[in-house]
Amino acid sequence: MQCKYETIISNELLVPQTYRMVLTCHTCAEMVPGQFINIKLKEFSLRRPISICSIDGDRITIIYKVVGQGTKALSEMKAGECIDVFAPLGHGYPIESQRDRVLLIGGGVGIPPLYELAKQYRKLGKHVDVVCGFPNAEACFYEAEFTELGAHVYIATMDGSKGCKGTVLDAVRHYQLTTTFICACGPLPMLKALEAVYNDGYFSLESRMACGMGACMACVAKDQKQADMYHRICKEGPVFPIGKVVLA
Amino acid sequence: MQCKYETIISNELLVPQTYRMVLTCHTCAEMVPGQFINIKLKEFSLRRPISICSIDGDRITIIYKVVGQGTKALSEMKAGECIDVFAPLGHGYPIESQRDRVLLIGGGVGIPPLYELAKQYRKLGKHVDVVCGFPNAEACFYEAEFTELGAHVYIATMDGSKGCKGTVLDAVRHYQLTTTFICACGPLPMLKALEAVYNDGYFSLESRMACGMGACMACVAKDQKQADMYHRICKEGPVFPIGKVVLA
Amino acid sequence: MKQVDLHIDLPGLKLKNPIIPASGCFGFGREYAQLYDLSILGGIAIKSATIAPRFGNECPRVAETPSGMLNAIGLQNPGVDKIIEKELPWLAQFDTEIIANVAGSNEEDYVKVIEKLNNQPTVKAFELNISCPNVKHGGIGLGTDKELAAHVTKLCKQAAKKPVWVKLTPNVTNIVEIAKAVEEAGADGLVMINTMLGMRFDLKSGKPLLANITGGLSGPAIKPVALRMVYQCAQAVNIPIIGVGGITDAEDVLEFLYAGASAVEVGMANFTDPYCCVKIIEALPKVLSQYGYQSIKEAIGRSFKNE
Amino acid sequence: MKQVDLHIDLPGLKLKNPIIPASGCFGFGREYAQLYDLSILGGIAIKSATIAPRFGNECPRVAETPSGMLNAIGLQNPGVDKIIEKELPWLAQFDTEIIANVAGSNEEDYVKVIEKLNNQPTVKAFELNISCPNVKHGGIGLGTDKELAAHVTKLCKQAAKKPVWVKLTPNVTNIVEIAKAVEEAGADGLVMINTMLGMRFDLKSGKPLLANITGGLSGPAIKPVALRMVYQCAQAVNIPIIGVGGITDAEDVLEFLYAGASAVEVGMANFTDPYCCVKIIEALPKVLSQYGYQSIKEAIGRSFKNE
Ligand SMILES: Cc1cc2nc3c(=O)[nH]c(=O)nc-3n(C[C@H](O)[C@H](O)[C@H](O)COP(=O)(O)OP(=O)(O)OC[C@H]3O[C@@H](n4cnc5c(N)ncnc54)[C@H](O)[C@@H]3O)c2cc1C
Ligand SMILES: Cc1cc2nc3c(=O)[nH]c(=O)nc-3n(C[C@H](O)[C@H](O)[C@H](O)COP(=O)(O)OP(=O)(O)OC[C@H]3O[C@@H](n4cnc5c(N)ncnc54)[C@H](O)[C@@H]3O)c2cc1C
Ligand SMILES: Cc1cc2nc3c(=O)[nH]c(=O)nc-3n(C[C@H](O)[C@H](O)[C@H](O)COP(=O)(O)O)c2cc1C
Ligand SMILES: Cc1cc2nc3c(=O)[nH]c(=O)nc-3n(C[C@H](O)[C@H](O)[C@H](O)COP(=O)(O)O)c2cc1C
Ligand code: FES
Ligand code: FES
């Protein structure tokens with residue numbers, strides 16, 4: 001966990017409103033899939049948390065969607081410029097080597113952290129199914145990249161313009177994916193729907209953050225069993241075992 | 001008077017802590033020497049007023065000293081980048097074509113506006129003496145540039161490391177410059193000292209500004225004769241006839 | 001994109017759009033008229049008028065702060081007579097609603113200024129500045145005490161032949177109490193907020209940066225406080241509110257509408273970008289329709305009204 | 001460069017330098033201890049302790065604002081017993097002064113927390129948080145009324161075996177009045193300011209962004225207000241002041257010293273740059289000597305003291 005100036009290697013539009021950035025990272029050696037980096041941008045007082053999508057030697061890749069002023073500013077940065085990166089933060093997905101197969105389920109910009117995760121499970125020779133949900137075909141990304149890793153990719157689009165029409169769960173049913181150990185990341189409604197079906201695996205959560213490292217209590221989630229217990233999404237999370245925290 | 005994005009052509013260190021920037025300017029045609037531009041920098045809420053040093057076709061030159069965070073940010077900008085420039089502002093030095101000779105007196109970063117003024121008087125074939133005051137030899141700039149215009153340049157340095165030792169007034173005496181029509185720009189103590197000696201000519205003043213165009217009343221100077229009358233340095237000034245306003 | 005209705009009728013003010021440059025940040029419009037046609041604006045709140053000319057405080061009068069600025073102009077203005085003689089006739093050429101901001105050292109001064117302006121057809125409403133932190137007598141004193149605030153409001157209402165808006169200071173423990181007192185005293189509307197009392201120091205001398213020692217903080221820095229106060233008061237009073245404080249773009253305007261404001265004034269942003277009011281007016285229909293509104297009225301008070 | 005003396009002795013606190021992370025912005029130091037040695041710090045104001053564990057408000061609890069942020073954490077903390085059991089023994093390893101920030105829903109709660117902490121040698125002083133805007137009972141109520149503020153101070157002073165600092169809220173009309181009342185009630189020092197009450201709205205839903213509706217504004221945005229309040233109070237009371245509000249660098253610290261603060265707390269800046277306290281401590285001697293000071297004491301109150 002360190003705060004360093006990193007250099008942008010590339011920063012390009014991947015699909016509409018969504019960018020991919022490659023940057024140097026001093027702390028690559030410590031990183032695990034599902035952890036995040038916290039980016040300080042000029043003009044903004046709070047850092048922006050973004051998941052690590054891929055770790056490659058001394059570089060990482062992130063994929064982010066422009067949803068507000070901070071991500072817009074990020075998208076306007078150019079190769080060669082420096083950014084202040086605090087990383088790696090949080091607890092990622094544990095790699096469970098005893099598993100034979102894993103089902104990764106991602107929605108939109110919840111997909112990026114699953115890429116490094118798929119990579120690591122594939123390195124262990126595991127069977128990896130990936131279900132990616134998007135609003136439409138135009139928004140789809142990383143199908144080829146996952147396939148290249150040797151993962152099996154299934155696409156769901158809300159308008160049916162690509163893959164299975166409907167949600168990621170519709171795709172799971174349509175393609176009859178029966179793996180019960182899942183790792184998921186995506187919007188809250190998606191996670192809630194998955195929680196109704198799965199109980200083995202991990203969810204990655206989001207929250208508005210301030211410190212990003214566990215000091216300020218901005219980002220808590222309630223424990224499902226102990227009413228008066230909270231977990232910090234930035235520190236104990238963002239990845240939690242299914243059933244650990246209340247999805248709210 | 002317009003607000004436009006302009007492109008930086010060059011931005012380089014001239015002498016320690018002092019930079020010269022060349023930039024495009026949409027409003028060059030309207031500009032007169034002694035007017036200023038008001039620069040908006042990212043991260044800063046108020047614009048920074050900087051005098052026009054030279055007008056060359058569709059470009060202008062400015063010379064500025066790094067004294068705080070805004071000028072520091074300006075010094076870090078690179079050729080090719082765009083800046084938001086509000087210009088031209090204020091009333092500059094009137095060109096009095098009936099004069100045969102003019103004595104220009106500048107201190108530090110009060111010198112830049114005198115350069116365009118010297119250029120315009122020289123174009124009219126007038127005799128131009130320029131006295132430039134600096135703390136030391138290392139801080140000297142634009143001696144060659146004024147000379148090239150055909151002006152006679154006299155340097156004063158506080159430590160005597162170049163030219164005459166002492167203030168600009170010491171230099172005037174030392175070099176026996178007898179022209180009584182002067183145009184001056186520089187720190188307040190310099191202008192006050194000049195006011196004790198000269199009564200024919202113009203002073204350019206500085207003030208903390210907000211709007212830079214006459215709307216907010218941030219930058220007023222009192223009239224010397226009418227106790228209850230104020231002039232806006234940004235609008236009626238920054239150039240005033242000697243004896244018009246109270247130097248405070 | 002469907003046509004978005006930016007129009008709003010308020011006491012004295014038929015605004016074609018809710019954007020009004022704030023008092024003291026736009027002079028009498030002359031400078032900005034060199035940049036754009038003032039008829040584009042919903043209205044203009046002109047610089048505070050006092051009964052006699054005022055020359056204000058010593059310089060420096062302004063200082064920069066993070067996302068804001070301090071000012072201690074001290075209500076410099078040529079006095080109401082000169083304003084009537086020189087500024088109002090000139091302003092009459094524009095198709096926009098002129099709000100006369102009224103200030104004074106004591107209650108009688110307010111009444112006197114109002115009496116002078118009563119017969120000026122160009123002036124559509126009064127805005128009582130009982131909140132300027134930069135004058136020694138009156139000013140902030142009136143605005144921080146609910147009885148004093150109510151009393152000056154009452155006197156002005158009695159004297160005024162046009163609607164009276166009261167501009168509140170944020171430098172109080174309980175803004176709702178003051179808003180209610182002023183409403184009860186007959187105010188036709190509230191303008192909130194004026195600046196927050198602040199300071200900066202000169203690193204070299206160690207002394208206050210402003211000659212007046214303290215100054216009023218404005219700009220984006222104060223927006224969250226302004227929004228909170230508008231939200232609290234909008235639910236406590238039945239008169240309309242004009243929101244002010246840190247507005248720089250159409251999204252900010254939308255936040256103020258949500259909080260309960262019916263229109264807004266734009267202050268410091270005019271210095272950062274002299275075209276900002278025009279840009280906001282241009283962007284507003286797009287931003288409103290992007291979030292699903294066909295009129296500004298639909299957005300007003302949405303944060304506390306049930307759909 | 002001559003050696004610059006950063007040391008300052010205050011009631012209960014022998015600070016090797018005037019830099020103290022502010023309560024709620026540093027937890028109990030565990031996270032920051034992974035980044036640097038906490039013994040570098042002058043002191044640490046630990047997260048508010050309440051008598052029972054508190055789980056705080058719903059999320060979202062934070063929102064960004066121009067040069068600042070809003071928070072409505074709601075004093076989440078494990079309760080004073082757990083703090084004594086788990087946090088203080090761990091903190092004891094560091095050579096820095098621990099300030100226990102004390103909060104409660106009513107006066108008795110404050111006294112109870114103090115009684116529990118009285119015998120903890122790690123705690124060098126108490127800081128009464130009578131100013132948190134994010135709890136329903138007590139909190140802001142106590143801090144905005146001079147009698148209530150004085151009363152809780154008195155009770156705490158009676159109970160406390162260590163110096164009592166009182167942390168004031170800026171959300172008041174007259175901060176000097178409250179500072180004086182608290183001094184008279186026996187406070188050993190003032191900490192000012194806590195956050196300013198503010199809001200933001202969600203553009204999509206039109207509703208308040210924070211689940212708690214309102215939150216506390218902190219960060220550089222509030223610095224001019226904090227400086228003004230320190231300046232006013234430093235001239236009105238004889239007890240020392242710890243300045244807080246928007247400090248991000250050594251120059252900011254110098255401004256607070258000029259205003260009359262004897263030390264400072266750094267809050268939100270720890271989030272923007274987790275190393276900021278270290279950087280400030282490193283820069284401080286350079287900045288002080290650049291402006292001609294050989295000790296921080298020389299700069300304290302310089303704005304109103306005659307040389
Ligand atoms: C652990 C974690 C990992 C994330 N990984 C990714 C990723 O890989 N790709 C991606 O596109 N997005 C990711 N997000 C969401 C991303 O942080 C937000 O989209 C981003 O902060 C929005 O910033 P903005 O300035 O554009 O939006 P604004 O709405 O202008 O931001 C205002 C404030 O709200 C916060 N905020 C707004 N939306 C969110 C959000 N969804 N989650 C958390 N904070 C938010 C911002 O950080 C900022 O403090 C992640 C969030 C978390 C918590
Ligand atoms: C009409 C005019 C023409 C000028 N021409 C030049 C020039 O050609 N070259 C040059 O180097 N400088 C010039 N100055 C001074 C220049 O504006 C300031 O040095 C600059 O604004 C400092 O900004 P900063 O952010 O670095 O300093 P900071 O001290 O961080 O600035 C804080 C605030 O104070 C204002 N400020 C600080 N110093 C001054 C000052 N001396 N005058 C006015 N405002 C100030 C800034 O604009 C800003 O609003 C001119 C000033 C005026 C009024
Ligand atoms: C330079 C300046 C001068 C001002 N003068 C006045 C004034 O004369 N009367 C008044 O009621 N408010 C005055 N104000 C306050 C503004 O009208 C407005 O209430 C305040 O600046 C907050 O809005 P903003 O954040 O958009 O600037 C002044 C503000 C500034 C910055
Ligand atoms: C996330 C957060 C939590 C806070 N929690 C507390 C708290 O528990 N007790 C307290 O007295 N102040 C608390 N504060 C207020 C700070 O201690 C400080 O007074 C305020 O943030 C102003 O300083 P700053 O501008 O440097 O942040 C909190 C502030 C923030 C931002
Ligand atoms: S963001 Fe501060 S604890 Fe998680
Ligand atoms: S800076 Fe506004 S009137 Fe001069």
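Every chain is numbered from 1 and lettered A, B, ... according to where its sequence line falls, protein lines coming before strand lines. Side-chain atoms are counted along with the backbone in the values below, which use heavy atoms only and exclude waters and symmetry mates.
- For a residue to count as touching a neighbouring chain, one of its non-hydrogen atoms must lie under 4.5 Å from one of that chain's; by this rule C:Gln290 does not touch chain D.
- Contacts between D:Leu70 and chain C at a heavy-atom distance below 4.5 Å involve the side chain alone, from C-beta outward.
- Two rings, from C:Phe256 and D:Phe201, have their centers 6.0 Å or more apart.
- Here the side chain of C:Tyr258 pairs a donor or acceptor atom with the backbone of D:Leu203 at under 3.5 angstrom.
- Rounded to the nearest 0.5 angstrom, D:Glu255 CD and C:Leu209 CG are separated by 7.0 Å.
- How far CG of C:Leu227 is from OG1 of D:Thr65: 10.5 Å, rounded to the nearest 0.5 Å.
- Remark: the backbone N or O of D:Gly206 is not paired with any side-chain donor or acceptor of C:Arg302 at under 3.5 angstrom.
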TODO: Test D:Met199 against C:Gln232 for side-chain contact (heavy atoms from CB on, under 4.5 Å), laying out the working first.
DONE: CA-CA 10 Å; D:Met199 275 181 90; C:Gln232 290 178 324; 6.0 Å; no

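- Other residues, nucleotides and ligands place more than 12 heavy atoms under 6.0 Å from the CD atom of C:Gln235.
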TODO: Go through D:Arg228 and C:Asn171 one step at a time and tell me if the side-chain contact (heavy atoms from CB on, under 4.5 Å) criterion holds.
DONE: CA-CA 12 Å; D:Arg228 184 263 297 181; C:Asn171 302 298; 4.0 Å; yes

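- Using a 4.5 Å cut-off on side-chain heavy atoms (C-beta onward), D:Lys223 and C:Arg200 make contact.
- More than 12 heavy-atom neighbours from other residues, nucleotides or ligands sit within 6.0 angstrom of NZ on D:Lys297.
- Using a 4.5 Å cut-off between heavy atoms, C:Ala259 contacts chain D through both its backbone and its side chain.
- Between the side chains of C:Thr144 and D:Thr173, no donor-acceptor pair of N or O atoms lies under 3.5 Å.
- The OH atom of D:Tyr231 sits 4.0 Å away from atom CD1 of C:Ile213, with the distance rounded to the nearest 0.5 Å.
- A pairwise comparison of heavy atoms in C:Ala221 and D:Leu217 identifies O-CD2, 3.7 Å as the closest pair.
- Here D:Pro220 is the residue among D:Pro170, D:Ala63, D:Pro220 with the most heavy-atom pairs under 4.5 Å with chain C.
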